[in-house]
Structures are given as C-alpha cells and as structure tokens.
Amino acid sequence: NSTIFSASHTAKALADAKSLPYSFRIILEKRNSPVLAIIVSALCMIFLVIALPIEGVAAVANLLFILLFLALNGALIKLRFDRPEIVRPYKVPLFPFLNLVAIMGYIIVAIPLFSVSAWGVTIFVVWFLIGVLVWFLFAKRNVEEEIDSAIIHEEYYPFGTQTYAKVFCPLMKGTNWKALLAITHAIAKSRNTA
C-alpha cells in the first residue's frame, strides 16, 4: 500500500509538472486521490510480483531507488553550478564532495544487484528506457514550452493615460538587464511618439 501510495503521488506530481499526461492528475473527489495514477502504479506492481521471483522484485526496487538517489544528487550538483544565483533555504555540507562520494557509493552498491536477477535487471533497463522515451517524446517539449513562455522580469513605463508600446527583450544569463531596460525603454518611448 505504501509503495502504491508513493508511486501514484509521484506520478501525480510529475503530471502537475507536465512531465506525464494530464490524466495522471485527475483526482477522485470522494477520496481526494489520483485515480489513474493509483491504477497504473498498482498494475505495474502486480505485474512485477506475478512475473518475477521475490529476488527479482527486490532487485528492481533497489535498482530504481538507487537510480533515483543518484539522479537527485546529480541534479543537485548541476543546479548548484548552473544556477548559483537562486536563493536556497538550506546548505549542503561539504558540497559537492559529499554528493560525489554518495554517487560513487550508489554505483558500488548497485553493481552486485545486477547479478541477483537477470529478469530484474531487464525490467530495470526497460523501465529506465521508458522513462527516457517519456522525457524526450513528451516531458521535454512541455518543460521547454513553459520556460519559453515564462516572463522572468517585466517592467512598465506608462506615459500618462495614453497606451504605450511594449518591447519584449529576451535575456541571457549574465546580461546587464538594467542597461538593456534603459535601451528598451527608449525604443518604446520613440515608438509611442511616432
């Protein structure tokens, strides 16, 4: 039950982030639960329990958890280096060394699991490839559209009661946006007087 609960709510969270289809977000009002996400999660787990011996189920579960924790540490390192300007509410001790040690530890722990069950490893690889396909065929496009349509900073210079021109200016990381804002303000002002 706890595995189905966590898996279904993870699927709902991914759907909320537009990384899975919208139907995984549908909530049954009476129970306040994500219906399709629960059904799909339960069916996947029932299939694994029926199709594999218990060693295979354990191998799949362990490998998926290790992959999850490995990805989380990798994402943390990438985001801290790519986006240092974001204010974060917590500090990571010994960053990034502790995270790199953890990643190496996950790899060392995972290696013996590949010899536990050939079927378990096969299902792990298939599940991983399904995740990669979902990312490239569905989620990546939605995430890119959301980023492209986001307005990071918007500034208005009204001129009395009249309507005024709008100039949209994309910014790259490291751009001197204040200087660019002065230029776009001048362009908007000149278009209003034209």
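Residue numbers count from 1 along this sequence. All values reported here derive from a predicted model rather than from experimental measurement.
Atom CZ of F65 is surrounded by 12 or fewer heavy atoms from other residues, nucleotides or ligands within 6.0 Å.
Qualifying side chain to side chain contact (heavy atoms under 4.5 Å, CB included) partners for L14, counting only residues two or more places apart in sequence or in other chains: T10, S19, L20. In terms of the ring pair (Phe, Tyr, Trp, His ring centres under 6.0 Å) criterion, residue partners of F5 (sequence neighbours excluded) are, by chain and number, H9. The side chain to side chain contact (heavy atoms under 4.5 Å, CB included) test applied to F136 returns V132, K140, not counting sequence neighbours. Remark: S23 pairs with P21, I26, L36 by the side chain to side chain contact (heavy atoms under 4.5 Å, CB included) rule, at least two apart or across chains. In terms of the ring pair (Phe, Tyr, Trp, His ring centres under 6.0 Å) criterion, residue partners of F95 (sequence neighbours excluded) are, by chain and number, F81.
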Per-pair distances, 0.1 Å, donor-acceptor, side chain in residues 38-55, under 3.5 Å, sequence neighbours excluded:
residue : atom : partner : partner atom : Å
S41     : OG   : S8      : N            : 3.4
S41     : OG   : A37     : O            : 2.7

Donor-acceptor contacts, no H, no angles, side chain residues 98-126, under 3.5 Å, sequence neighbours left out:
residue : atom : partner : partner atom : Å
N99     : ND2  : N73     : OD1          : 2.8
S115    : OG   : P112    : O            : 2.8
S117    : OG   : G120    : N            : 3.0
T122    : OG1  : A118    : O            : 2.8

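For residues 59-79, the salt bridge (Lys or Arg N to Asp or Glu O under 4.0 Å) pairs, not counting sequence neighbours, are K78-D82.
Cluster note: L133 groups with L137 through ILVMFWY side-chain heavy atoms spaced under 4.5 Å, whether in direct contact or through intervening members.
Side-chain contact between F128 and L67 is present, with at least one heavy-atom pair separated by less than 4.5 Å. Residues R25 and K18 are not in side-chain contact: their nearest non-hydrogen atoms beyond the backbone lie 4.5 Å or more apart.
Two different hydrophobic clusters hold I4 and L28 under the rule that ILVMFWY side chains link at heavy-atom gaps under 4.5 Å. Connection of L72 to L76 is established within a shared hydrophobic cluster, with ILVMFWY side chains joined at heavy-atom distances below 4.5 Å, either directly or through further cluster members.
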>> Go through it in stages, so that I can follow the logic: the residues are L64 and W127, the test is side-chain contact (heavy atoms from CB on, under 4.5 Å), and I'd like the CA-CA distance, side-chain angles, deciding distance and then a yes or no.
In response: CA-CA 9 Å; L64 287 173; W127 192 253; 3.6 Å; yes
